2 protein chains.
Amino acid sequence: MSTISTLGYALLSLLARGELSGYDIARQMKAPIGYFWHASHSQIYPELARLERDGYVGHQVVEQHDRPDKKVYSLTDAGREALRTWVTSPLDVPSVRDELVLRAFSLWLGDRREAAALFREHERRHEAQLEEYQAIEAHIKGQSARLPSIDSPEFAAYATLQRGMGYERECAAWCRWVAEQLEGGPV
Amino acid sequence: MSTISTLGYALLSLLARGELSGYDIARQMKAPIGYFWHASHSQIYPELARLERDGYVGHQVVEQHDRPDKKVYSLTDAGREALRTWVTSPLDVPSVRDELVLRAFSLWLGDRREAAALFREHERRHEAQLEEYQAIEAHIKGQSARLPSIDSPEFAAYATLQRGMGYERECAAWCRWVAEQLEGGPV
DNA sequence: CCTTCCTATGAAACTATTGACATAGCGCCG
DNA sequence: CGGCGCTATGTCAATAGTTTCATAGGAAGG
């Protein structure tokens with residue numbers, strides 16, 4: 001069986017938690033997994049077809065009356081095994097791409113007020129995202145006092161959530177710092 | 001003049017600080033700017049040609065004796081102006097792609113010890129990167145007690161460095177937290 | 001009735017990125 | 001002298017990802 005792309009593993013990760021249609025997966029790509037690996041339906045449908053061709057997933061057509069029929073995909077044993085192996089296989093530290101940081105590198109060229117406004121705007125957006133994550137965390141903690149078991153999908157989702165919160169907090173703090181420098185500096 | 005890709009702006013950002021050959025740019029793509037926007041020479045050479053075709057950069061051939069001749073590129077007025085405008089233009093918050101977080105989402109499937117080892121390894125790498133950044137920061141602070149002026153390229157580079165440190169610190173902390181959960185949990 | 005939105009799947013064109021291939025002269029080490 | 005690595009510039013194929021187009025039926029609202 002041929003190699004699976006990272007996107008492929010992202011799809012398997014979702015299917016490991018239950019059957020989903022391509023459309024469902026596209027929606028799940030908004031939260032929480034989509035915050036760290038986004039894909040649109042035009043990428044998802046062909047990828048599902050490839051995974052099926054290679055034996056990692058199967059599907060059955062579910063007829064619906066008030067809406068179009070759908071194909072519901074589920075993991076095969078091979079798919080689950082491939083996913084399990086992938087989780088702990090060696091991985092290079094990824095190279096990051098962040099256009100805002102790239103812009104900061106040319107900060108000395110632009111208008112200072114406009115730059116400050118841009119960074120304040122991004123600070124605001126990262127804080128809004130952080131608050132969204134915190135609401136999810138509050139919801140999880142409201143259900144049980146302790147963390148979910150390490151072997152559970154719930155813990156795994158909680159771990160990604162923690163990363164999301166740390167990431168947004170860091171982004172917001174940096175944006176704030178840059179904006180303060182731009183606003184408070186000498187004229 | 002046609003639109004410039006983000007990579008194009010990355011090249012302009014470097015050329016705004018001084019003339020460079022394509023080969024020089026490829027080397028600069030290792031640090032510090034490359035930590036937030038990497039590109040290899042196979043992408044850089046065609047992009048430089050496109051920027052020149054569109055009038056944002058120009059080049060002159062510099063003959064060398066003990067090594068191959070090179071093309072040294074520099075910004076045109078149009079290039080500098082395009083870069084200046086770009087810095088403060090509206091920007092969407094980028095969608096993040098991080099395979100390690102994606103793997104965390106399927107953590108419950110894999111072997112716990114192997115997973116812990118993977119996260120400890122990444123913790124180590126992020127801390128090593130952090131130390132590298134801190135060494136650069138120490139070097140900057142050693143040159144002068146105060147921060148460089150906000151209008152200087154040095155401050156801009158320092159701002160990206162700050163982001164780099166925050167990013168690595170956050171990654172390392174999260175990896176450590178995940179590893180601790182995996183190591184300390186019930187058998 | 002008309003428009004808009006949602007569900008649902010897919011193809012096609014375009015852009016971005018990576019990795020391998022290609023060339024070529026110089027210096028260094030064994 | 002032979003191979004390796006560095007400087008230096010490029011092309012090409014493959015993969016990955018985004019955007020747009022296409023289709024189609026039901027629901028909801030004006």
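Every chain is numbered from 1, with letters handed out A, B, ... down the list of sequences. Note that the structure is predicted; figures quoted are calculated from it, not measured.
Side-chain contact between B:I150 and A:W108 is absent, with no heavy atoms from C-beta onward closer than 4.5 Å. For the pair A:R163 and B:E170, the minimum side-chain heavy-atom distance is below 4.5 Å. Considering only heavy atoms from C-beta on, A:D98 stays 4.5 Å or farther from B:W37 through its side chain.
Taking 4.0 angstrom as the limit, A:Y45 places a side-chain polar atom (N or O) nearer than this to OP1 or OP2 of C:dT9. The phosphate of D:dA16 has neither OP1 nor OP2 within less than 4.0 Å of any side-chain N or O from B:R97. In this structure, B:Q64 reaches the D:dA8 phosphate: one of its side-chain N or O atoms is under 4.0 Å from OP1 or OP2. In terms of phosphate contacts, A:R27 brings a side-chain nitrogen or oxygen within less than 4.0 Å of OP1 or OP2 of C:dT7. Between A:Q43 and D:dT18 there is a side-chain N or O to OP1 or OP2 distance below 4.0 Å.
Taking atom CG on B:L51 and atom P on C:dA16, their separation rounds to 12 Å, with Å as the unit. Between the P atom of D:dG17 and the CG atom of A:L11 lies a distance of 11 Å, rounded to the nearest Å. B:R50 places its CZ atom 14 Å from the P atom of D:dG10, with the value rounded to the nearest Å. Regarding B:I25, its CD1 atom lies at a distance of 12 Å from the P atom of D:dG10, rounded to whole Å. For the pair A:I44 CD1 and C:dT7 C1', the interatomic distance rounds to 14 Å; values are reported in whole Å. Between the CG atom of A:D66 and the P atom of C:dT7 there is a distance of 11 Å, rounded to whole Å. Rounded to an integer number of Å, the gap from CG of B:D24 to P of D:dA8 is 6 Å. When rounded to the nearest whole Å, the span between OH of B:Y73 and C1' of D:dG10 equals 10 Å.
Side chain A:S21 to base C:dT9: no donor-acceptor pair is found below 3.5 Å. Contact of A:H41 with C:dG10 (side chain to base): a donor-acceptor pair of N or O atoms is detected under 3.5 Å.
When each of A:W37 and A:H65 is assigned the nucleotide of DNA chain D bearing its nearest heavy atom, the one mapping closer to the 5' terminus is A:W37. DNA chain C is contacted by both A:K70 and A:S42; A:K70 maps to the nucleotide lying nearer its 5′ end (nearest heavy atom per residue). Residue order along DNA chain C, read from the 5' end via each residue's closest nucleotide, puts A:P68 first among A:P46 and A:P68.
Each of C:dA8, D:dT9, D:dT7 was ranked by its minimum atom distance to the side chain of A:Y23; first place goes to C:dA8.
In this structure, the separation between CG on A:L20 and NE2 on A:H59 is 14.5 Å, given to the nearest 0.5 Å.
Looking only at atom types and distance, the side chain of B:E123 has no donor-acceptor partner in the side chain of B:W177 under 3.5 Å away.
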